[in-house]
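For reference, the structure is listed below as structure tokens.
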Amino acid sequence: MARSFHFVPLLLLLLSSASALAASGHGSGNATATATLRPGRELLKQKRIRALLSKLNKPSVKTIESPDGDFIDCVPSHLQPAFDHPKLRGQKPLDPPERPKNYNSTVAGGSRAGALVLQAWHATGEACPEGTVALRRTTEKDLLRASSLGRYGRKPPRRITRHDSTGSGHEHAVGYVNSEKYYGARASVNVWSPRIGEPSEFSLSQIWVLSGSFKNDLNTIEAGWQVSPELYGDSNPRFFTYWTTDAYQETGCYNHNCRGFVQTTNKIAIGAAITPESVYNGRQFDITLMIWKDPKHGHWWLELGPGVVVGYWPSGLFTHLAHHARMVQFGGEIFNARAPGSHTATQMGSGHFPGEGFDRAAYFRNLQVVDWDNSIIRASNLKLLADHPGCYDIQGGFNSYWGTYFYYGGPGRNVKCP
């Protein structure tokens with residue numbers, strides 16, 4: 001934040017110079033107006049940036065500098081951004097509820113890299129103290145990359161999640177179930193670093209828990225990994241969360257970029273880079289995600305890897321999801337910012353089509369849902385959808401080792417996707 005104030009003397013100098021120019025009568029009227037208005041606009045922007053940074057970054061008891069350039073702030077749990085929400089003020093983070101029944105059943109087909117989920121900042125050997133949560137610090141550079149300060153940390157509005165995404169810029173390859181009432185989901189997904197064609201584009205792989213219609217009342221909870229140069233400033237795969245109650249219009253955001261998600265762990269920082277990554281024709285590394293609804297209090301909880309409960313979305317944030325989900329999706333999504341006529345080269349998953357199979361294509365395995373009895377069961381009757389199969393495709397199956405699974409993804413622009 002301190003760097004923000006370095007702009008002020010320069011801007012004041014520009015203002016003084018512009019005023020002097022106007023007084024001496026040099027230059028045209030339009031040139032003088034431009035010279036005097038631009039510094040004022042910049043001052044206002046810097047004021048808005050400082051205010052937003054103050055809102056997002058809370059006082060920390062310790063800061064850890066990650067090798068990848070991130071700063072991880074260890075913030076007292078009760079001071080995190082979620083508790084600025086009117087419905088959550090004065091509250092403290094809850095203890096995790098019991099996990100769903102059958103939780104301890106073996107998850108087959110484990111990662112070759114081992115079960116422990118690591119992030120880049122763990123390489124320092126430092127940890128956040130008990131009683132704090134690990135939060136990735138938002139920087140001035142993050143905000144300057146954003147296309148809009150007003151929508152920083154949000155997905156574009158009027159986004160169609162599953163049906164008729166042609167023309168919206170969002171393209172998907174997903175498996176989904178929508179025949180029951182759902183109270184959670186679990187799956188393992190391997191982690192890649194797909195190439196991004198344009199800085200404003202992204203590629204992600206996640207679980208969606210949804211309810212409502214695919215209109216303005218859509219409620220979603222989302223978690224997974226993503227690569228987003230605009231949001232994070234690099235091409236590292238990062239653990240992320242998202243939520244909305246109005247189809248991405250005005251509510252919800254990524255990670256802690258708005259008030260809502262309550263974090264309870266000091267071991268994982270949402271928005272921080274995941275390491276290691278899968279290697280094409282080599283070692284595969286996957287993470288296991290579980291989202292489930294606490295039967296007693298109704299909050300939606302998130303777990304990453306073997307037993308790390310990350311936090312929860314309070315039930316009061318939602319309308320439809322205050323009760324249950326009507327659909328669960330697993331899979332990939334990219335944002336194509338290019339004008340019609342030439343498709344983006346942004347990759348999904350590993351950047352290779354599902355037909356290449358294990359060690360080469362991205363996958364989801366052991367797809368499960370939580371039923372009305374708070375039991376984890378296999379995600380049966382899975383439907384597959386690729387809305388641009390020449391660019392990104394999906395192929396599924398079932399076996400005793402991986403349960404319900406699918407391969408998905410693709411390279412984006414190619415001879416079948418010009």
Side-chain angles (χ1 to χ4, degrees), residues 99-113 115-117 161-162 172-180 182-192 203-210 220-226 237 239-242 268 274 277-278 284-293 300-310 313 325 327-333 348-350 354 358 361-371 374-386 392 394-409:
R99 294 177 176 85
K101 301 172 186 176
N102 306 326
Y103 169 84
N104 291 324
S105 58
T106 302
V107 179
S111 164
R112 294 182 186 178
L116 184 62
V117 177
T161 304
R162 188 175 67 87
H172 308 82
V174 298
Y176 66 95
V177 291
N178 63 347
S179 58
E180 304 288 343
Y182 303 101
Y183 297 84
R186 181 169 70 167
S188 298
V189 53
N190 58 345
V191 179
W192 298 87
S203 181
L204 60 79
S205 297
Q206 67 175 32
I207 296 175
W208 290 260
V209 176
L210 309 105
T220 78
I221 287 172
E222 307 169 26
W225 62 261
Q226 72 175 157
F239 174 55
F240 81 97
T241 62
Y242 202 95
I268 294 292
I274 301 172
E277 305 164 13
S278 297
Q284 301 301 291
F285 177 73
D286 64 29
I287 59 175
T288 299
L289 299 158
M290 183 171 71
I291 299 169
W292 82 103
K293 189 175 178 62
W300 291 89
W301 287 82
L302 172 64
E303 181 180 270
L304 175 66
V308 178
V309 178
V310 180
W313 294 269
M327 177 185 289
V328 172
Q329 290 182 183
F330 310 84
E333 175 187 346
M348 180 188 293
S350 69
F358 187 70
Y363 63 76
F364 273 75
R365 61 181 179 86
N366 289 303
L367 274 61
Q368 298 172 305
V369 295
V370 180
D371 69 7
N374 198 35
S375 295
I376 292 182
I377 60 174
R378 182 170 70 88
S380 56
N381 301 316
L382 187 76
K383 303 178 183 70
L384 303 179
L385 172 73
Y392 318 100
I394 185 168
Q395 296 178 7
F398 173 82
N399 61 39
S400 59
Y401 189 54
W402 269 14
T404 301
Y405 70 90
F406 60 77
Y407 292 101
Y408 70 101

Residues two or more places apart in sequence or in another chain: which of them pass salt bridge (Lys or Arg N to Asp or Glu O under 4.0 Å) with Lys101? Asp373

Testing the basics here: between Ala379 and Val177, what is the closest heavy-atom pair and its distance to 0.1 Å? CB-CG1, 4.4 Å

CG (Asn102) and CZ (Arg186) are apart, to the nearest 0.5 Å, by 9.0 Å

Separation of Gln284 CD from Phe358 CZ (nearest 0.5 Å): 5.0 Å

What pairs with Pro354 under side-chain contact (heavy atoms from CB on, under 4.5 Å), at least two apart in sequence or on another chain? Asp393, Gln395, Tyr407

Which distance, rounded to the nearest 0.5 Å, do you find between the OH of Tyr392 and the CD of Glu333? 11.0 Å

Show the nearest heavy-atom pair for residues Val174 and Gly332, with the distance to one decimal. CG1-O, 3.9 Å

What residues form a ring-ring contact (aromatic ring centres under 6.0 Å, His included) with Tyr242, not counting sequence neighbours? Tyr248, Tyr254

Check whether Ser188 reaches the backbone of Asp286 with its side chain - one donor and one acceptor, N or O, closer than 3.5 Å. no

Decide yes or no on side-chain contact (heavy atoms from CB on, under 4.5 Å) for Val209 and Trp300, but give the supporting numbers first. CA-CA 10 Å; Val209 176; Trp300 291 89; 3.9 Å; yes

Can you list the steps and then say if Ile377 with Val369 is a side-chain contact (heavy atoms from CB on, under 4.5 Å)? CA-CA 6 Å; Ile377 60 174; Val369 295; 3.8 Å; yes

Provide the closest heavy-atom pair for Ile207 versus Ala185 in the form atom of the first, atom of the second, distance. CG2-CB, 4.0 Å

Side chain to side chain contact (heavy atoms under 4.5 Å, CB included) partner of Thr241, chosen from Val310, Leu304, Leu302: Leu302

Applying ring-ring contact (aromatic ring centres under 6.0 Å, His included), name anything that partners Phe330, two or more places apart in sequence or on another chain. none

What do the steps show when you test Trp225 against Leu204 for side-chain contact (heavy atoms from CB on, under 4.5 Å), and what is the final call? CA-CA 6 Å; Trp225 62 261; Leu204 60 79; 5.9 Å; no

Just to verify, what does Glu303 make a side-chain contact (heavy atoms from CB on, under 4.5 Å) with, not counting sequence neighbours? Arg99, Tyr103, Met290, Trp292, Val309

When you look at CG of Asn399, are more than 12 heavy atoms from neighbouring residues, nucleotides or ligands closer to it than 6.0 Å? yes

In the structure I gave you, are the side-chain heavy atoms of Asp371 and Tyr183 within less than 4.5 Å of one another anywhere? no

Ala223 versus Ile291, closest heavy-atom pair with distance: CB-CD1, 4.3 Å

Specify the closest pair of heavy atoms between Gly175 and Leu382, including all atoms of both residues, with the distance to one decimal. C-CD1, 3.6 Å

My understanding is that only residues two or more places apart in sequence, or in another chain, count here; which of them pass side-chain hydrogen bond (donor to acceptor under 3.5 Å, both in side chains) with Ser203? none

For the ring pair Trp208 and Tyr176, is the centre-to-centre distance below 6.0 Å? no

Check whether any side-chain heavy atom of Lys293 lies under 4.5 Å from a side-chain heavy atom of Trp301, and answer yes or no. no

Please enumerate all residues that pass side-chain contact (heavy atoms from CB on, under 4.5 Å) together with Ser350, with sequence neighbours excluded. Trp192, His352

Under the side chain to side chain donor-acceptor pair (under 3.5 Å) rule, what do Asn178 and Lys383 come out as? Steps first, then yes or no, please. CA-CA 9 Å; Asn178 63 347; Lys383 303 178 183 70; 3.0 Å; yes

Hey, is the main chain of Tyr363 close enough, under 3.5 Å, to the side chain of Asn190 for a donor-acceptor pair? yes

Sequence neighbours excluded, the answer for side-chain hydrogen bond (donor to acceptor under 3.5 Å, both in side chains) partners of Thr404 is Arg378

Search all heavy atoms of Gly224 against all heavy atoms of Leu289 and return the closest pair with its distance. CA-CD1, 3.7 Å

Who passes ring-ring contact (aromatic ring centres under 6.0 Å, His included) against Phe406, sequence neighbours left out? Phe364, Tyr408

